[in-house]
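Here is the structure we will look at, set down as structure tokens.
Throughout, a chain's letter reflects where its sequence line sits, starting with A, and its residues are numbered from 1. Values below: all heavy atoms of this structure, side chains included; hydrogens, waters and symmetry mates excluded. Bear in mind the structure is a predicted one, so any value in this text is a computation, not a measurement.
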Number of protein chains: 2
Amino acid sequence: MATAKISPCCSPVLHARLGKDDAAELATTFRALADPGRLRLLSFIAAQPGAEACVCYLTGPSGLSQPTVSHHLKVLNDAGLLEREKRGTWVYYRIVPARLEAVREALAPVPSEKKRVARGHER
Amino acid sequence: MATAKISPCCSPVLHARLGKDDAAELATTFRALADPGRLRLLSFIAAQPGAEACVCYLTGPSGLSQPTVSHHLKVLNDAGLLEREKRGTWVYYRIVPARLEAVREALAPVPSEKKRVARGHER
DNA sequence: ATGCAACATCGACCGTCATCGATAAAGGAG
DNA sequence: CTCCTTTATCGATGACGGTCGATGTTGCAT
């Protein structure tokens, strides 16, 4: 998959009127972030060296059962916010910074005035 | 100090381990953004001059019933993403850019990996 | 006063989701 | 092979949330 650039994920909210499908896609991403347990898991993983963590490291601190943690990690993985890597018996989840950045971009202020000035080609 | 100005809203996800309270608060904000209808309403309002819109302007384009639109606007208002102003018979909702910016900040990358390492002994 | 328009609230229905125990699947270690 | 550990999946349950019709509330006009 052509990883690279910020991602094909999110149409910006404030730049133009969102279509139903764009809105649905963006909402899915936000829904993945709309749970306290998942946000804590993200922060726990981010706090680890390399921004990656083994599942067995997460069940304790989160205070959630192992099935629940596994479920949340799957949701975050499906949303593209985490990537999964199996190493022997253990599974490591790693934060995907580009995806987080894409979500931030979706909330970016309107580009309007600056862009028109920068262009400067119309009259 | 342009950095710490933003808002009292959101503890950053990637900077440190989130406590349960911080996570719950942040999750509430994301939950407000986790619905296609609300995202579209935000974009519709943002597209209007002054980033504000009358409710009567929103019911049509959104394709939602008036009670549903009213409900969504209340959720966004409670989340601090919209502010409400009554003008005569009409009610105008306006986007709160600072709040959007605060959400973006909550997803900002870690301050600096090297700074943390350079500090040496912490746990 | 009456009538009308804009918005909010209420009540109910129904789908979605978070949670956990039980169980399955995959991979070492002996 | 058997046993144990790690993680994922299944199934059930309880709670939350989006939706809309009906109704209430507010404000303007006549």
Remaining members of the apolar cluster that contains B:Val96, side-chain heavy atoms under 4.5 Å: none
Atom CD1 in B:Ile45, atom CG in B:Leu82: separation rounded to 0.5 Å? 4.5 Å
Could you work out, with side-chain contact (heavy atoms from CB on, under 4.5 Å) as the rule, every residue matching A:Ser70, not counting sequence neighbours? A:Gln66
What residue pairs, at least two apart or across chains, pass salt bridge (Lys or Arg N to Asp or Glu O under 4.0 Å) with a residue in residues 63-77 of chain B? B:Lys74-B:Asp78
Which part of the nucleic acid, if any, lies within reach of A:Arg84 when heavy atoms closer than 4.0 Å are counted: base, sugar-phosphate only, or nothing? sugar-phosphate
Heavy-atom contacts under 4.0 Å between residues 70-81 of chain A and DNA chain D, which residues? A:Ser70, A:Lys74
Show every donor-acceptor pair shorter than 3.5 Å between a side-chain atom in residues 46-53 of chain B and any protein atom, with sequence neighbours excluded, or say none if there are none.
{"unit_1": "B:Gln48", "atom_1": "OE1", "unit_2": "B:Tyr57", "atom_2": "OH", "d": "2.8"}
{"unit_1": "B:Glu52", "atom_1": "OE1", "unit_2": "B:Arg94", "atom_2": "NE", "d": "3.0"}
{"unit_1": "B:Glu52", "atom_1": "OE1", "unit_2": "B:Arg94", "atom_2": "NH2", "d": "3.3"}
{"unit_1": "B:Glu52", "atom_1": "OE2", "unit_2": "B:Arg87", "atom_2": "NH2", "d": "2.8"}

Sequence neighbours left out, what passes side-chain contact (heavy atoms from CB on, under 4.5 Å) with A:Asn77? Give chain and number order. A:Arg84, A:Tyr93
Side chain to side chain donor-acceptor pair (under 3.5 Å) contacts in which one or both residues fall within residues 32-43 of chain B, not counting sequence neighbours: B:Arg38-B:His72
Qualifying salt bridge (Lys or Arg N to Asp or Glu O under 4.0 Å) pairs with a residue from residues 41-50 of chain B, counting only residues at least two apart or across chains: none
Which residues in residues 31-45 of chain A have at least one heavy atom lying under 4.0 Å from any atom of DNA chain C? A:Arg31, A:Asp35, A:Arg38
Report all interatomic pairs (protein N or O, nucleotide N or O of nucleotides 21-30 of chain C) with separations under 3.5 Å.
none

So does A:Leu64 get a backbone contact from the side chain of A:Thr68, meaning a donor-acceptor N/O pair under 3.5 Å? no
Taking a hydrophobic cluster as the set of Ile, Leu, Val, Met, Phe, Trp and Tyr residues connected by side-chain heavy atoms closer than 4.5 Å, whether directly or through intermediates, do A:Val75 and A:Ile95 fall within one such cluster? no
Is it true that, when you exclude B:Asp21 itself, more than 12 heavy atoms of the residues, nucleotides or ligands shown sit nearer than 6.0 Å to its CG? no
For DNA chain D, which nucleotides open and close the run of contacts to chain B, 5' to 3', at under 4.0 angstrom from a non-hydrogen atom? D:dG17 to D:dC28
Let me know the distance between CD of B:Glu85 and P of C:dC7, rounded to the nearest Å. 13 Å
Check whether any side-chain N or O of B:Arg99 sits under 3.5 Å from a backbone N or O of B:Ala79 as a donor-acceptor pair, and report yes or no. yes
For B:Tyr92, report the nucleic acid contact type (base, sugar-phosphate, nothing); a contact means any heavy atom under 4.0 Å. nothing
Cluster membership besides B:Trp90, Ile/Leu/Val/Met/Phe/Trp/Tyr side chains within less than 4.5 angstrom, sorted by chain and number, is B:Tyr92
